[in-house]
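Report on the structure given below.
Note that these values count all heavy atoms, side chains included, but never hydrogens, waters or copies made by symmetry. Residue numbers start from 1 in every chain, and the chains themselves are labelled A, B, ... in the order their sequence lines are given, proteins ahead of strands.
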Amino acid sequence: MTLQIVLLFSVLLFSIGLMIALTRHTAVLILVGVELMLAGANINFIAFWRFSDDPTAIAGIVFALFALAVSAAEAAVGLAIIVLLYRHSHNIDHAQARLLRG
Amino acid sequence: MSLIPITLIMLIVLAAALSAATLRQPVHCALAAAGSFAAVGILFIGLGAEFLGFIQILVYAGGVGILIVFVLMLAPPVLSGKRHLKGSGAILSGATVLLIFITMATVILQSPSLAITATAKAPEASIAAIGEKLVASHLLPLQIAGVLLTAALIGAVLTVSEKE
């Protein structure tokens, strides 16, 4: 188990999340893709912490903790906006939300 | 660090993420994503960061996953017949994602400083050590994260609540 394998795995998870965010039509599922991307980034931090022998590398875990908190807050706000969008137009298809399109 | 469970957990995460990418019903996709979050938490526990693993399972699989399912109940998507993985948009997205993945994988595989194997024992990551780091040297980011979470959640609740 080298660091490269874990990093490749996290890059693959990031790519799958990006694929979800780019192809799905529903706004909620685009958020699911964004959350998967953030989970992949957190795995990166933990991998670098685990494979290092520097005692100050615990900052990796602390940073991953902050990233987790921020992504949870961002998911809550994004989902509130989606609920409002549904109340306004009864549709959460992102291609139909074109009121502000230039 | 035992090899077989880590590889198995990675395969489970990837399988759950791929099914979240390909399933048609949005609730199935959301539940598969919640499963992949939980599997990522188990991966953290297997890598030695137990505290972060439990927090990941609680917050992501328990919190964010359930929130997504609730919002799918409150704002149900209308399933038009079109498949999301068909058409020129999907091909373009797939090409972009493949390009990004190949770029990052090339960078990872070609840097020799990353070809290191794990130490037998995980570095110091007890809850006491994390707590001391948070309170002693990362106090300001901790307080800012607290304020951010409070503001975000109050804002989300106020946004959604209907005014009579």
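- Both A:Ile5 and B:Phe44 sit in one connected hydrophobic cluster of ILVMFWY residues. Membership requires side-chain heavy atoms under 4.5 Å apart, directly or through other members.
- Residue contact with chain A, scored on non-hydrogen atoms closer than 4.5 Å, involves the backbone and the side chain of B:Ile130 alike.
- For a residue to count as touching a neighbouring chain, one of its non-hydrogen atoms must lie under 4.5 Å from one of that chain's; by this rule A:Val11 touches chain B with backbone and side chain alike.
- Across all non-hydrogen atoms, the minimal contact from B:Ile108 to A:Gln4 is O-NE2, 3.1 Å.
- Heavy atoms closer than 4.5 Å to chain A are found in both the backbone and the side chain of B:Ala20.
- Between chain A and the options B:Gly41, B:Gly48, B:Gly146, heavy-atom pairs under 4.5 Å are most frequent for B:Gly48.
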- Hey, mind stepping through B:Ile57 and B:Phe37 against side chain to side chain contact (heavy atoms under 4.5 Å, CB included) and telling me if it holds? CA-CA 7 Å; B:Ile57 292 176; B:Phe37 295 149; over 6 Å; no

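- When heavy atoms are compared at a cutoff of 4.5 Å, B:Leu153 approaches chain A solely by way of its side chain, counted from C-beta outward.
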- Under the side chain to side chain contact (heavy atoms under 4.5 Å, CB included) rule, what do B:Phe51 and B:Ser126 come out as? Steps first, then yes or no, please. CA-CA 8 Å; B:Phe51 176 66; B:Ser126 60; over 6 Å; no

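- By number of non-hydrogen pairs under 4.5 angstrom with chain B, the leading residue of A:Val28, A:Val32, A:Asp93, A:Leu79 is A:Leu79.
- Heavy-atom pairs under 4.5 Å with chain A were tallied for B:Ile100, B:Leu148, B:Ile55, B:Leu109; the largest tally goes to B:Leu109.
- Interface remark: of the candidates B:Ala30, B:Gly155, B:Pro141, B:Ala151, B:Pro141 forms the most heavy-atom pairs closer than 4.5 Å to chain A.
- Within the 4.5 angstrom heavy-atom criterion, only backbone atoms of B:Ser111 (N, CA, C, O) approach chain A.
- Proximity to chain B is limited to the side chain of A:Thr26, based on heavy atoms less than 4.5 angstrom apart.
- For chain A, the option among B:Ala145, B:Ala33, B:Pro26 with the highest count of heavy-atom pairs below 4.5 Å is B:Pro26.
- Heavy atoms closer than 4.5 Å to chain A are found in both the backbone and the side chain of B:Ala129.
- Proximity to chain A is limited to the side chain of B:Val40, based on heavy atoms less than 4.5 angstrom apart.
- Proximity to chain B is limited to the side chain of A:Leu29, based on heavy atoms less than 4.5 angstrom apart.
- B:Leu142 touches chain A through backbone and side chain together, each having a heavy atom under 4.5 Å away.
- Contact between A:Leu36 and A:Gly17 at its shortest, heavy atoms only, is CB-CA, 3.9 Å.
- Closest approach of A:Val83 and B:Leu74 over heavy atoms only: CG2-CD1, 4.4 Å.
- Scanning all heavy atoms of the two residues, the minimum distance from B:Ile45 to B:Gly53 falls at CG1-CA, 3.8 Å.
- Only the side chain of A:Ile92 comes within less than 4.5 Å of a heavy atom of chain B; its backbone N, CA, C and O stay farther away.
- Each of B:Val59, B:Val78, B:Val160 has some count of heavy-atom pairs under 4.5 Å with chain A, and the biggest count is that of B:Val160.
- Of all the heavy atoms in B:Ala90 and A:Thr23, the pair that sits closest is CA-CG2, 4.2 Å.
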- Working for side chain to side chain contact (heavy atoms under 4.5 Å, CB included), residues B:Cys29 and A:Arg24: CA-CA 10 Å; B:Cys29 167; A:Arg24 291 278 185 176; 3.8 Å; yes

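- Considering all non-hydrogen atoms of both residues, A:Ala21 and A:Met37 come closest at CB-CE, 4.2 Å.
- Proximity to chain B is absent for every atom of A:Asn91, based on heavy atoms less than 4.5 angstrom apart.
- Atom OH of A:Tyr86 has more than 12 heavy atoms from other residues, nucleotides or ligands within 6.0 Å.
- Of the candidates A:Phe66, A:Phe63, A:Phe51, A:Phe45 forms a ring-ring contact (aromatic ring centres under 6.0 Å, His included) with just one, namely A:Phe63.
- Chain A forms the most heavy-atom pairs under 4.5 Å with one residue out of B:Ile68, B:Leu18, B:Val13, B:Leu14, and that residue is B:Leu14.
- Highest contact tally toward chain B, considering only A:Ile82, A:Val77, A:Ile58, A:Thr2, is held by A:Ile58 [criterion: heavy-atom pairs under 4.5 Å].
- In this structure, chain A has no heavy atom under 4.5 Å from any part of B:Phe70.
- Interface residue A:Leu3: backbone and side-chain heavy atoms are both found under 4.5 Å from chain B.
- The distance from the CZ atom of A:Phe48 to the CD1 atom of A:Ile43 is 13.0 Å, given to the nearest 0.5 Å.
- Counting heavy-atom pairs under 4.5 Å between each of A:Arg87, A:His25, A:His90 and chain B puts A:Arg87 at the top.
- Atom OG of B:Ser93 is separated from atom CE of A:Met19 by 6.0 Å, given to the nearest 0.5 angstrom.
- Proximity to chain A is limited to the side chain of B:Ser36, based on heavy atoms less than 4.5 angstrom apart.
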- For A:Leu31 and A:Glu74, run side chain to side chain contact (heavy atoms under 4.5 Å, CB included): C-alpha distance rounded to whole Å, both residues' side-chain angles, the deciding distance at 0.1 Å, then the answer. CA-CA 10 Å; A:Leu31 253 170; A:Glu74 156 253 324; 3.7 Å; yes

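- For a residue to count as touching a neighbouring chain, one of its non-hydrogen atoms must lie under 4.5 Å from one of that chain's; by this rule A:Leu84 touches chain B with the side chain only.
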